[in-house]
Structures are given as structure tokens and as C-alpha cells.
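Just so you know, these numbers use all the heavy atoms, side chains as well, and skip hydrogens, waters and symmetry mates. Chain letters run A, B, ... following the sequence lines, proteins first and then strands; every chain starts at 1. Predicted model, so just to flag it, every value in this text is computed and none were measured.
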Protein chains: 2
Amino acid sequence: MSGPPTTEQIAHPARDELELSAVLHALSDPVRLMIVAELSKGEREYTCGSFELPVTKSTCTHHFKVLREAGLIKQRQQGTTRLNTLRRQDLEARFPGLLDTILQAAADTAPLQPQPV
Amino acid sequence: MSGPPTTEQIAHPARDELELSAVLHALSDPVRLMIVAELSKGEREYTCGSFELPVTKSTCTHHFKVLREAGLIKQRQQGTTRLNTLRRQDLEARFPGLLDTILQAAADTAPLQPQPV
DNA sequence: CAACTTGTACGACGAGCGTCGTACAATGCT
DNA sequence: AGCATTGTACGACGCTCGTCGTACAAGTTG
């Protein structure tokens, strides 16, 4: 193999372009909040398929797209899979404390927890 | 005057019933975030008309209703006017630090500020 | 009483959201 | 090569959202 193994041509907003309303809207959906909560539990990269979500594949793609366009996650292509990571530093720089506070609130009040794989 | 001057028959969710997704959704609208930011600046009660909002009266009523049903504000009838206050304590008890963090993020990144009256 | 103020109720409209199914592209594996 | 895996693209569907205009209710004030 001589060509580039990864594509990395996925649009992401810059740190200074993150909008609060987009972030809050993204996290106001229970499924997306689940995804972000899962991502926040580890430092490793998660594939889209490593979540037990109560929606189909295409809906899952949609939610990851919303999260990416709001600047919450970074997506990196690797082979057929797409690796997702939380943009912790960017979020912390732009909206200090916001992510942790929301995740804490979610953990305190969530009736159900998703299952990682 | 011998009769009751205020009605106080407006439905509000109890503290323990506040849902995170509803709160985040309520605050993901710029107009509603403006309203909450204004309310947070003072301890006094604000009438619905004391905001300079870029929407009509009926839209304003709608936004206050969303905020009330999400548990962000308390509305109290007094004569023809309705007095609004932020439910600071309830929010702090249910979602510690959430309101302040969001308001801080809004203040840091907001391009425009509303005008109080 | 009549006029005004403050805000709600209701219906309408266009836009967007969350969901799905099917089809397809790209990669990995046998 | 052929097949399986992973995820996207696209269209469709109901539903909700934000907005508005008009009409109306409840107080306040002349």
C-alpha cells in the first residue's frame, strides 16, 4: 500500500466557530446525549457501531453528523470504519465547564444507561 | 379590594420532574436564551413586556410557555401582567452548576446583548 | 361605561427534526 | 474474485418548532 490509508476529508467546525445554541440543541436529544456520555467515559476512539442505540444504522449516521457539525465530536476515517472522539479541549476552551456540567447532570438524573462494547 | 388579586393557577413542573433534555432544548433557542440571560441579571420579577425581543407578542408568549414548561422560569399572575422569575434554586438543586455555566458561555460568546427596560 | 394595556388562545404556514428503508461506496477477508 | 462489514446518501414519512395574525379575556384607568 502506497496511497494514504485514511481519508480525513470530513468537515468540522473550527474551535472559534462553535456555537452554543448548536451545542445545546445537539445535546437536547437523548440519543445524542447517550453517545456523548459514552464517548466521555474513555479516551480511546469509538467506532459508530460500538454503541447499543435504539435506532437504525442510518439514524445513527444522522446523529453522528449532527454531533460533528455542532463541533462536539471529531470523526476520522479508518478503513471502512469511522473513529469518533469527543472534542474535549476545544469545548473546554470555548465553553468552560459546559460539557462536564451537562454530563454530570445527565449521569445524576438519567433513568437508563447505554451499554458500551 | 377583598377578592384574591392574583390567580396563581399556572402549571409548573416540580423540581424533581425537571428534565435535562427539555432544559437544553429550551435554552438552545437564541431568543429564549436571551430571556433567561436577562432574568438572571436581577433578582426582581420581570414582566413579559420588559424585554426588547425581535419577535411579536404571540411568539413571546410561546417562548415563555416553553421556558415555564421546561421548569426554567416561574410565572405569577398579577393583574393583567405576568411576572417572571428564574427558578434558580430548583435548577441548581436538580442540575448543579448547569445554569451558571450556560449563562457564562452565552455571555462569553454572544455577539449581541438584549436591552433591559 | 368605554378605552386602553397586557398577555393568552387558536389556527396557519414554512422549515426543520428524528426516524426509517433501500441503495450504494469503500474496505477487509477468505 | 466474491462476499461480508461498516457506514453514507437519498428520499420519504409524520411530527414538532418558530413565527405570525387575528381574536379574545382580564385588569386598569379615564
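In this structure, A/Gln78 places its CD atom 18 Å from C1' of C/dA25, rounding to the nearest Å. Taking atom CD on A/Glu69 and atom P on C/dG16, their separation rounds to 13 Å, with Å as the unit. A straight line from CG of A/Leu53 to C1' of C/dT19 spans 13 Å, rounded to a whole angstrom. Between A/Ile10 atom CD1 and C/dA26 atom C1' the separation is 13 Å, expressed in whole Å. To the nearest angstrom, C1' of C/dT19 lies 8 Å from NE2 of A/His63.
Of the options A/Leu72, A/Leu98, A/Ile73, a side-chain contact (heavy atoms from CB on, under 4.5 Å) to A/Leu91 is made by A/Leu72 and by none of the others. The side-chain hydrogen bond (donor to acceptor under 3.5 Å, both in side chains) test with B/Asp90 singles out one residue from B/Arg88, B/Arg94, B/Arg87, and that residue is B/Arg87.
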Atom pairs, protein N/O to nucleotides 7-11 of chain C N/O, distance under 3.5 Å:
unit_1	atom_1	unit_2	atom_2	d
C/dG7	OP1	B/Cys48	N	3.1
C/dG7	OP2	B/Gly49	N	3.0
C/dG7	N7	B/Lys57	NZ	2.8
C/dG7	O6	B/Lys57	NZ	3.2
C/dT8	OP1	B/Arg82	NH1	3.3
C/dT8	OP2	B/Thr61	OG1	2.4

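Shown here for B/Leu18 and B/Ala70, the closest heavy-atom pair between the two residues is CD2-O, 3.9 Å. Counting all heavy atoms, side chain and backbone alike, A/Arg15 lies closest to A/Ala93 at NH1-CB, 3.3 Å. The two residues B/Ile35 and B/Phe51 have their closest heavy-atom pair at O-CE2, 3.9 Å.
Between the side chains of A/Asp100 and A/Gln104, no donor-acceptor pair of N or O atoms lies under 3.5 Å. Using modelled atom types, one finds a donor on one side chain and an acceptor on the other under 3.5 Å when comparing B/Thr59 with B/Thr56.
For DNA chain C, the neighbouring residues in residues 20-33 of chain A, judged by any heavy atom under 4.0 Å, are A/Asp29, A/Arg32.
Proximity of a side-chain donor or acceptor of A/Gln75 to a complementary backbone N or O of A/Gln77 within less than 3.5 Å is not detected.
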